[in-house]
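Computed from heavy atoms alone, side chains included, the values below leave out hydrogens, waters and symmetry copies. Residue numbers count from 1 along this sequence.
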Amino acid sequence: MNTNNDPFQAALAIFNAATPVLRIHGLGGSRWKRNVPESDARRGPWLQARYEVINETAWRAKGACLYLVAGGNAKIRYVGISRNGVKHRWRTSPAYDILTGQRLPVDQLFHSQCWKHIEREAASAADANFEVRCIEANTLVTVLEQMGGPLRGFTVLRDDGESVVAGVERWLCNHKSLDLVSWNSAMTGKK
């Protein structure tokens, strides 16, 4: 597999090798908020997601992983990492009705960096959908070994899973474009 140093092709190859974990079918319902201080930008209000956990084992797995979010058009919108598994970044949070303040009967799916983007896309396209995939560090090393180009260099870190996933995340974010990781902002070296 040679990605010819093309960041989009490299990200697509990693995405295709990753395990599908979540599928978000759209947003709706009443708005909810998180039980955090009002000054916290992650408080909300947010729309509720219609989603399914595709792979429960991958959802609950612990350990360093890279996760990627793609839209229905297969463009990769976001790349992130977790030291403790994808469920620690794509959380289900206790939710409170924005109008009444009452606890909702079901926790709501949330990701602090992606949610506003998901809401924006869902507002402009009622059929907007997203898939979250993750790839744990050891599997990522195997994929990188098959690639040509600079990402293969991260395989020297094979004994340090956190460093592998963090390095690949940084490289992909530094090479963002309209077709790749357009939602990433915090880890972007180039604007």
Side-chain angles (χ1 to χ4, degrees), residues 1-24 34 36 40-42 53-71 74-93 109-118 130-191:
M1 163 192 350
N2 190 332
T3 60
N4 297 320
N5 297 329
D6 180 332
F8 178 75
Q9 291 301 317
L12 193 57
I14 293 167
F15 183 80
N16 289 334
T19 302
V21 178
L22 292 170
R23 190 164 293 129
I24 301 169
R34 296 176 69 227
V36 295
D40 190 328
R42 298 170 297 173
V53 175
I54 301 168
N55 185 315
E56 193 73 33
T57 302
W59 170 249
R60 295 187 180 283
K62 306 281 188 202
C65 69
L66 181 80
Y67 61 90
L68 305 97
V69 181
K75 286 186 179 178
I76 297 169
R77 310 291 205 276
Y78 188 85
V79 176
I81 62 169
S82 176
R83 291 177 178 89
N84 302 309
V86 73
K87 187 175 181 178
H88 290 269
R89 296 290 292 133
W90 285 85
R91 295 186 174 116
T92 51
S93 297
L109 183 68
F110 183 71
H111 184 280
S112 59
Q113 284 84 32
C114 292
W115 213 256
K116 64 184 175 187
H117 300 288
I118 290 173
F130 308 92
E131 186 169 278
V132 179
R133 293 186 180 192
C134 73
I135 186 166
E136 59 91 32
N138 290 333
T139 304
L140 180 58
V141 167
T142 301
V143 172
L144 297 176
E145 286 174 334
Q146 298 170 14
M147 289 183 173
L151 284 175
R152 186 177 186 147
F154 288 108
T155 62
V156 300
L157 301 170
R158 74 178 63 253
D159 295 330
D160 184 356
E162 286 184 28
S163 292
V164 171
V165 298
V168 172
E169 177 200 31
R170 171 62 72 152
W171 190 88
L172 291 172
C173 289
N174 282 347
H175 293 85
K176 73 184 264 178
S177 67
L178 292 176
D179 293 328
L180 178 62
V181 299
S182 57
W183 294 353
N184 282 80
S185 58
M187 284 291 295
T188 303
K190 296 178 183 176
K191 304 230 180 206

Check [X] against [Y] and note the closest heavy-atom contact, atom names and distance.
X      : Y      : value
Met147 : Ala13  : CE-CB, 3.7 Å
Val86  : Ala58  : CG1-O, 3.8 Å
His88  : Ser82  : CB-OG, 4.0 Å
Ser93  : Arg34  : OG-NE, 3.7 Å
Trp90  : Leu109 : O-CD1, 4.0 Å
Val165 : Cys65  : CG1-C, 3.7 Å

Applying salt bridge (charged side-chain N to carboxylate O under 4.0 Å, His left out), which residue pairs with at least one partner in residues 81-91 are found, sequence neighbours left out?
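Qualifying pairs: Arg83-Glu162.
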
Output every pair passing salt bridge (charged side-chain N to carboxylate O under 4.0 Å, His left out) with a member in residues 138-160, not counting sequence neighbours, ordered by first then second residue.
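Listed by first then second residue: Glu145-Arg158.
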
With Trp183 as reference, evaluate Tyr78, Phe130, Trp115 under the ring-ring contact (aromatic ring centres under 6.0 Å, His included) test and give the passing residue.
Phe130

Test item: Arg133 side-chain N/O and Phe15 main-chain N/O as donor-acceptor pair under 3.5 Å
yes

Contact between His111 and Ile118 at the side-chain level, heavy atoms closer than 4.5 Å - yes or no?
no

Student check: side-chain heavy atoms of Leu22 and Ile54 closer than 4.5 Å:
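Not in contact.
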
How many angstroms lie between atom [atom1] of [X] and atom [atom2] of [Y], to the nearest 0.5 angstrom?
X      : Y      : atom1 : atom2 : value
Leu144 : Ile14  : CG    : CD1   : 5.5 Å
Arg42  : Gln113 : CZ    : CD    : 8.5 Å
Leu66  : Thr139 : CG    : OG1   : 11.5 Å
Cys173 : Leu180 : SG    : CG    : 8.0 Å
Leu68  : Ile135 : CG    : CD1   : 8.0 Å
Cys134 : Ile81  : SG    : CD1   : 13.5 Å

Sequence neighbours excluded - ring pair (Phe, Tyr, Trp, His ring centres under 6.0 Å) pairs with any residue from residues 131-174
Trp171-His175

